[in-house]
Amino acid sequence: MKRLLYGLMVALLATPLTAAEMPLNMTQGVTEISGQVYDLHMIILYICCAIGVVVFGIMIYSMIYHRKSKGAVAADFHDSTKVEIAWTVLPFLILIGMAIPATKTLIAMEDPSDAELTVKVTGSQWKWHYSYFNEDVEFFSLLSTPADQITGTANKTDTYLLEVDKPLVLPINRKVRFLMTSDDVIHSWWVPAFAVKKDANPGFINEAWTKIDKIGTYRGQCAELCGKDHGFMPIVVEAVSEADFDQWLIDQKQFAADAKAAAQASLSQTLSYDELMAQGEQIYMGRCAACHQPNGAGLPGVFPSLIGSPMIKGPVSGHIDIVVNGKPGTAMQAFAKQLTATEIAAVVTYERNAWGNDSGDTVQAADVSGNGTNSSATPTTADAPSAGTSTADTSTPVTLPASLPTAEQLEDTATQAVTKAATQAAEVKAVVLDDLTMDELMTMGEQVYMTSCAACHQAAGTGLPGAFPSLVGSPLIVGPVTDHLNIVINGKPGTAMQAFNSLLTPQQLAAVVTYERNAWGNNSGDAVQAADVVGHGK
């Protein structure tokens, strides 16, 4: 028995010496906070181990020395006041002893005050956007692992799925404050070496901070299930010396200025069809294929197909507009700040001619610039440095007319504009308040649902358990129509359910509510009209 006790004591004393080298143990990290978290983890672990040794030691001792073959006779007693007090007070004291260091560490982790640098971190499907406050430097960071490694046609490296085209660059020995938010769904920015793991929620801003002690490259990942490409959203941080960081900022600003000049010059260039298709394919595979698939077929009910779609067959200006400005209420992002005018022209050309579309359309950078995009977005080629972009306006300077209008002319113009606006408003109101048949409501509602709702609630209305609720026989569907209208019109604060009052017309809102209340076997029989939506406060 003594040998067993000695062995346990040796094991407990030896553990602290080897814990840091154990591959399955928590990393010590490279910040003061990560060191505190590691120490707290080890303290709690030792306490749990000590409790386990005492409890199981007593159990084993009792089983060996108080067994029946030894002639042991069970004691005849119960309700010991001393024992009751002991096993109440001792756990309480142990918990207090664990809570004190844990509370100190948690308070320190949540204190971003007196930061010397602030970085806004925005998550989107599936990339990170970094913006350095007061430095006019911002850029997107995307996965750069080669496609042949992902498909298994090439050997995977040690940093498989942990490589990006532009890492976040931070200085050592400076307190850096992070502001976390999201453009679409919930993401989570997690770098184990910093002991930073904070959710990025759409519509909210969370805070975190770090102060790095060692120069190096540190990797992390999105730690919140954020969609089909959740595993392709890595984080890479380059920690450099303070002098190198200051020089890096200067280089980024110079690169942004050079990129702006190059983008302006590109507006006068005309690329051949083959050049546009080659560049467009490269951009599409890097930026668009994750949703619309490499073959352009999309994902039915979630991401639309681009093969012979109405957008492809429609005007080029409409195609450019949705790539430049995105589509509110859907997963389609705005690429105005992510791609240059030349890159947007190339990818639009590619989409209109690939996969058998064969429209023959060729789009040039000048066409994109004329459509309202910021032509000076930072180039995103793999060989470009980790540069930021400027949000300065680069539109063509306004040319004043030779003579200014008179007051009478201005008054006439204003009167005409007011009359036209009133006429248009009356027309819209008349159209909005028209009653539709159930079939018309269901047809329009299905179209609106598949475009604006199916990405979350799924095409079959089943939702995603734990993330987006099912609409099949849900309390919302079987409840009052007014409650259903309210949540669609005004959204639900604190959830991913956004307000659609400014995204859809009253007729569209009425149609989608009607569709949801009658599709997938719900069969409520309710037919909601635009007048009901207007009467609800639209």
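Since the model is a prediction, treat every value here as computed from it, not as a measurement. What's counted below: heavy atoms across the whole structure, side chains too, no hydrogens, waters or symmetry copies. Numbering starts at 1 and runs along the sequence shown.
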Please answer whether the main-chain N or O of Met109 pairs with a side-chain N or O of Trp209 as donor and acceptor at a distance below 3.5 Å. yes
Using a 4.5 Å cut-off on heavy atoms from C-beta on, say whether the side chain of Val30 contacts that of Tyr218. yes
Can you see whether His292 engages Asn295 through a side-chain donor-acceptor pair at a distance of less than 3.5 angstrom? no
I would like to know whether Phe232 and Ile150 meet side-chain contact (heavy atoms from CB on, under 4.5 Å); could you show each step before the answer? CA-CA 10 Å; Phe232 300 87; Ile150 296 174; 3.9 Å; yes
Exam field: side chain Thr462 to backbone Ser470, donor-acceptor pair closer than 3.5 Å: no
Minimum heavy-atom distance Ser452-Leu504, with the two atoms named: OG-CD2, 4.2 Å
Determine whether Thr122 and Lys120 make a side-chain contact, defined as any pair of heavy atoms from C-beta on separated by less than 4.5 Å. yes
For the CG atom of Leu249 and the CG atom of Leu117, what is their distance to the nearest 0.5 Å? 7.5 Å
Look at the side chain of Thr349 and the backbone N and O of Thr362, then say whether any donor-acceptor pair between them is shorter than 3.5 Å. no
Worked check of side-chain contact (heavy atoms from CB on, under 4.5 Å) between Asn357 and Arg352: CA-CA 6 Å; Asn357 287 332; Arg352 298 182 75 84; 5.7 Å; no
Determine whether Leu271 and Gln364 make a side-chain contact, defined as any pair of heavy atoms from C-beta on separated by less than 4.5 Å. yes
Could you label the plane-to-plane angle of the Trp189 and Phe178 rings as parallel, tilted or perpendicular, counting under 30° as parallel and over 60° as perpendicular? tilted
Nearest 0.5 Å please: distance from the CG atom of Asn501 over to the CG atom of Leu485. 12.0 Å
Might you point out which heavy atoms bring Pro192 and Gly220 nearest each other, and give the distance in Å? CD-CA, 4.2 Å
d(Thr103 OG1, Met98 CE) to nearest 0.5 Å is 11.5 Å
Would you name the heavy atoms of Ala195 and Val37 that are closest together and state the gap between them? CB-CG2, 4.1 Å
For His41 and Asn25, run side chain to side chain donor-acceptor pair (under 3.5 Å): C-alpha distance rounded to whole Å, both residues' side-chain angles, the deciding distance at 0.1 Å, then the answer. CA-CA 10 Å; His41 159 74; Asn25 194 25; 2.9 Å; yes
Return yes if some donor-acceptor pair links the side-chain N/O of Ser144 with the main-chain N/O of Val164 below 3.5 Å, else return no. yes
Examine distances only and state if a side-chain atom of Asn206 and a backbone atom of Asp199 form a donor-acceptor pair shorter than 3.5 Å. yes
Taking the basic N atoms (NZ, or NE/NH1/NH2) and the acidic carboxylate oxygens, is any pair closer than 4.0 Å for Glu224 and Lys198? no
When you check the side-chain N and O atoms of Ser241 and Asp244, is any donor under 3.5 Å from an acceptor? yes
Please step through side-chain contact (heavy atoms from CB on, under 4.5 Å) for the pair Asn490 and Phe500, ending with a clear verdict. CA-CA 7 Å; Asn490 301 314; Phe500 284 90; over 6 Å; no
Indicate yes or no: at least one non-hydrogen side-chain atom of Met497 is less than 4.5 angstrom from one of Ile487. yes
Spatial distance of atom CG (Asp183) from atom CD (Gln333) [nearest 0.5 Å]: 7.0 Å
Would you mind checking if Arg219 and Asp158 are paired as a salt bridge, meaning a charged N to carboxylate O distance below 4.0 Å? no
One thing to verify: whether Lys211 and Glu116 come together as a salt bridge, which I'm taking to mean a side-chain N less than 4.0 angstrom from a carboxylate O. no
Are the side chain of Gln279 and the backbone N or O of Thr342 linked by a donor-acceptor pair below 3.5 Å? no
Rounded to the nearest 0.5 Å, how far does CE of Met180 lie from CD1 of Ile205? 11.5 Å
For residues Trp190 and Ala223, report the shortest heavy-atom separation together with the two atoms involved. CB-CB, 3.9 Å
Does CD in Gln447 sit with more than 12 non-hydrogen atoms of other residues, nucleotides or ligands closer than 6.0 Å? no
Give a yes-or-no answer on whether the side chains of Glu238 and Thr217 include a donor-acceptor pair shorter than 3.5 Å. yes
For Ala200 against Ser182, the heavy-atom pair lying closest together: O-CB, 3.3 Å
Under 3.5 Å donor-acceptor, Thr181 side chain and Phe204 backbone: yes
Are any non-hydrogen side-chain atoms of Ser124 and Trp126 less than 4.5 angstrom apart? no
Is there a donor-acceptor pair closer than 3.5 Å between any side-chain N or O of Ser141 and the backbone N or O of Lys166? yes
Would you call Leu179 and Val119 a side-chain contact if the rule is heavy atoms closer than 4.5 Å? no
Ring-plane angle category for His129 and Phe140, please: parallel below 30°, perpendicular beyond 60°, tilted otherwise. tilted
Evaluate the side-chain contact (heavy atoms from CB on, under 4.5 Å) criterion for residues Gln338 and Arg287: first the C-alpha distance (whole Å), next the side-chain angles of each, then the deciding distance (0.1 Å), finally the verdict. CA-CA 10 Å; Gln338 302 185 45; Arg287 299 301 186 95; 3.4 Å; yes
Indicate the atoms forming the closest heavy-atom contact of Met450 with Ala459, along with that distance. CE-CB, 3.7 Å
Run the ring-ring contact (aromatic ring centres under 6.0 Å, His included) check on Tyr350 and Trp355 step by step: do they pass? CA-CA 9 Å; Tyr350 176 75; Trp355 320 300; 5.4 Å; yes
Can you confirm whether more than 12 heavy atoms, excluding those of Lys327, are under 6.0 Å from its NZ atom? no
Mark yes or no for whether Gln508, through its side chain, and Thr505, through its backbone, hold a donor-acceptor pair below 3.5 Å. yes
dist Ile212:CD1 -> Glu32:CD (nearest 0.5 Å) comes out at 13.5 Å
Does atom NZ of Lys214 have more than 12 heavy-atom neighbours, drawn from other residues, nucleotides or ligands, at distances under 6.0 Å? no
Please walk me through it: do Asp274 and Ser272 pass side chain to side chain donor-acceptor pair (under 3.5 Å)? CA-CA 5 Å; Asp274 291 340; Ser272 68; 5.4 Å; no
Is the backbone N or O of Thr340 less than 3.5 Å from a side-chain atom of Glu343, with the two atoms forming a donor-acceptor pair by type? yes
Any side-chain heavy atom of Lys228 sitting closer than 4.5 Å to one from Leu299? yes
Relative to each other, are the rings of Phe245 and Tyr132 parallel, tilted or perpendicular (30° and 60° limits)? tilted
Does any part of the side chain of Lys253, heavy atoms only, come nearer than 4.5 Å to the side chain of Val137, both counted from C-beta? yes
